[in-house]
Amino acid sequence: MSRQGILFVISAPSGAGKTSLCRAIIDFFPDLRQSISFTTRPIRGGEQDGVDYHFVSRPSFEAMVAEGAFAEWAEVHGNLYGTALATLESCRDQGLDVLLDIDCQGAAQLRRSYSGGVFIFVLPPSLEELRRRLEGRQTDRPEVIERRIANARTEIDAAVDYDYLIINQVFPQAVENLKAIMLAERSRTARVLPTLPQLFSL
Ligand code: 5GP
């Protein structure tokens, strides 16, 4: 029996460096896939449809909700975002781990339905640093940045429900922390035990 894929869920206030962390980690584990979410958010410069997100209209997204196509979905900063059930099932069937970069509301939904999931929260070193990073990205209007910072305060309150917290002060160190978490989770007895009969002809 081969190893069952693990669901790794990563949340963070936007600007905490979660997307860069996910990008850095994805190449390190050959059997890890990043889930590509569906969203109604307008595409940003430099983003690609089908790579960063599946960009869809609100009516299309709502039709998917009605069909029960999402494992979780939520409204974040005025736009809809969701993880397709089919994405998670396809990874599980292939024995691949899957990495989800989703908000706290989505993570809370998955915590109820995927008991073996690993929930990781990434924190910025401070709210001042978060503001500096959001302004430095030059992708959002000032009022959007203010909304993101206000949301960050409530999102940080949700950190208590996660299995692991990573403070992203020095980026390479945060990457190492994330790797360590993922490696340790793969070695949990409960995850390795089912593979022993095949390995040792038990
Ligand atoms: P952004 O618009 O900056 O790419 O993402 C905004 C927020 O939406 C981020 O916190 C991101 O994690 C979250 N997000 C992205 N995809 C999903 C998803 O499929 N489900 C949920 N619940 N949140 C998502």
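We count residues from 1, following the sequence as given. For ligands, and for the atoms within them, numbers begin at 1 and follow the listed sequence. Not measured: the values here are computed from a predicted model.
Distances below 4.0 Å separate heavy atoms of A74 from the following atoms of ligand 1: 22 (N). In the vicinity of G106, heavy-atom distances shorter than 4.0 Å reach the ligand 1 atoms 22 (N). Counting the atoms of ligand 1 from 1 in the order shown, those under 4.0 Å from a heavy atom of T83 are 19 (O).
Here the side chains of F121 and P13 are in contact, with some heavy-atom distance below 4.5 Å. Counting only heavy atoms from C-beta outward, the side chains of P125 and R133 approach each other to under 4.5 Å. Under the 4.5 Å side-chain criterion, counting only non-hydrogen atoms from C-beta, V144 is not in contact with H77.
Atom 3 (O) of ligand 1 has R44 NH2, 3.1 Å as its closest protein atom, hydrogens excluded (heavy atom only). Among protein heavy atoms, the minimum distance from atom 19 (O) of ligand 1 is reached at S37 OG, 2.6 Å. Among all protein heavy atoms, the one lying closest to atom 4 (O) of ligand 1 is Y53 OH, 2.5 Å. Of all protein heavy atoms, the one lying nearest to atom 13 (C) of ligand 1 is D103 N, 3.8 Å. Ranking protein heavy atoms by distance to atom 10 (O) of ligand 1, first place goes to K18 NZ, 3.2 Å.
In this structure, the ring of Y81 has its center no less than 6.0 angstrom from the ring center of F61.
Side-chain contact, Q94 with S90: a donor N or O sits under 3.5 Å from an acceptor N or O. Under the 3.5 Å distance criterion, with hydrogens and angles disregarded, no donor-acceptor pair is assigned to the side chains of R58 and T40.
Of the residues R153, R131, R141, the one that meets the salt bridge (Lys or Arg N to Asp or Glu O under 4.0 Å) test with E146 is R131.
By the criterion of a heavy-atom distance under 4.0 Å, neither the backbone nor the side chain of E155 is placed next to ligand 1. Residue contacts with ligand 1, taken as heavy atom pairs separated by less than 4.0 Å, involve V76 solely via side-chain atoms from C-beta onward. Of the heavy atoms in R148, only side-chain atoms (C-beta onward) come closer than 4.0 Å to ligand 1.
Between G82 and ligand 1, at least one pair of N/O atoms sits closer than 3.5 Å. The shortest N/O to N/O separation between S14 and ligand 1 does not fall below 3.5 Å.
The cationic atom of R111 (NZ for Lys, CZ for Arg) lies less than 6.0 Å from the six-membered ring centre of F119 and within 45° of the ring axis.
Using a 4.0 Å cut-off between charged side-chain N and carboxylate O, R147 and D140 make no salt bridge. At a threshold of 4.0 Å, the pair R41-E47 counts as salt-bridged, since one of the basic side-chain nitrogens sits closer than that to a carboxylate oxygen.
Nearest to atom 6 (C) of ligand 1 by heavy atom, out of F70, F38, Y81, W73, is Y81. The residue among R41, E72, E47 with a heavy atom at the shortest distance from atom 20 (N) of ligand 1 is E72.
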